Amino acid sequence: MNPNSNSSNFFSKVYSVTNLIPAGRVTSYGAIARFIGSPQAARMVGWALNSTKKLPYWVPAHRVVNRNGLLTGKKHFIGNNTMQELLLSEGIEVEDGKIINFQKVFWDPMLELDDVIL
DNA sequence: CGTCTGACGCACG
DNA sequence: GCGTGCGCCAGAC
């Protein structure tokens, strides 16, 4: 874990937090960005997750959506519906590329990892 | 080294 | 409540 030596600390934090997202829960790019200390770098979170495709280990990038619970990054997965399928398989209700009970399944690292220092 | 782009988020109208 | 514009940070050209 934490193979950050290669990448910037920013990326490694994104990977670490994303890996801590429990199955059946999701979080947002902005939430991660805030947690790692760059609240205005939400776009970079997505950028970092995009590069997880080439990482030697698995990162549950499908558990990260935008603040509206919209699966904005689904087109970056192998198939057009891969992201939604993965979420559905974890018990997350998704309809037309959007998480239904987003507020219910939302996992905020600021609250769950408030005692964790990356 | 300058410029464009992008899995976002927020302010405005 | 919805569409548009702008700023953010890092990487690719």
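Order of the sequence lines fixes the chain letters, A, B, ..., with proteins taken first and strands second; residue numbering starts at 1 for each chain. Just the heavy atoms: all of them, side chains too, but no hydrogens, waters or symmetry mates, feed the values below. Source: prediction; values computed, not measured.
In this structure, the CZ atom of A/Phe35 is 19 Å from the C1' atom of B/dC8, given to the nearest Å. The nearest whole Å value for the distance from the NZ atom in A/Lys53 to the C1' atom in B/dG6 is 12 Å. Here C/dC9 presents its C1' atom at 14 Å from CG of A/Asn9, a figure rounded to the nearest Å. What separates CD1 of A/Ile36 from P of C/dC9 is a distance of 11 Å, to the nearest Å. As rounded to whole Å, 11 Å separates atom P of C/dA10 from atom NZ of A/Lys13. The distance from atom CE of A/Met44 to atom C1' of C/dG11 is 8 Å, rounded to the nearest whole Å. Regarding A/Asn50, its CG atom lies at a distance of 14 Å from the C1' atom of B/dC8, rounded to whole Å. Rounded to an integer number of Å, the gap from A/Gln40 CD to C/dC9 C1' is 10 Å.
Residues A/Leu111 and A/Val17 do not share a hydrophobic cluster, clusters being chains of Ile/Leu/Val/Met/Phe/Trp/Tyr side chains in contact below 4.5 Å.
Taking a pair as Watson-Crick or G-U wobble with both distances under 3.5 Å, DNA chain B forms stems of 3 or more consecutive pairs at B:2-6 with C:9-13, B:8-13 with C:2-7.
Between A/His62 and A/Trp58, the two ring planes are tilted [angle within 30° to 60°].
Closest contact between the side chain of A/Arg43 and the listed nucleotides C/dC9, C/dG11, B/dC8 involves B/dC8.
When all heavy atoms of A/Asp108 and A/Met110 are compared, the closest pair comes out as OD1-N, 2.9 Å. For the pair A/Arg67 and A/Phe102, the tightest heavy-atom approach, listed with the atom from each and the gap, is O-CE2, 3.3 Å. Closest heavy-atom contact between A/Val94 and A/Leu88: N-CD2, 3.6 Å. When all heavy atoms of A/Tyr15 and A/Ser51 are compared, the closest pair comes out as OH-OG, 2.8 Å. Summarising the geometry of A/Arg63 relative to A/Ile21, their closest heavy-atom pair is NH1-O, 2.7 Å, with the distance given to 0.1 Å. Nearest approach of A/Val64 to A/Ser28, heavy atoms of both residues: CG1-C, 4.0 Å.
Note on A/Ala61: a base of the nucleic acid sits closer than 4.0 angstrom, heavy atoms only.
The stretch residues 21-33 of chain A touches DNA chain B through A/Ser28, A/Tyr29, A/Gly30, each having a heavy atom within less than 4.0 Å of the strand. Using a 4.0 Å cut-off on heavy atoms, the residues of residues 65-76 of chain A that approach DNA chain B are A/Asn66, A/Arg67, A/Thr72, A/Gly73, A/His76, listed by number.
Considering only heavy atoms from C-beta on, A/Lys74 stays 4.5 Å or farther from A/Leu87 through its side chain. Residues A/Val59 and A/Asn19 form a side-chain contact, since some pair of their non-hydrogen atoms from C-beta on lies under 4.5 Å apart.
Between the side chain of A/Thr18 and the main chain of A/Ala61, no donor-acceptor pair closer than 3.5 Å is present.
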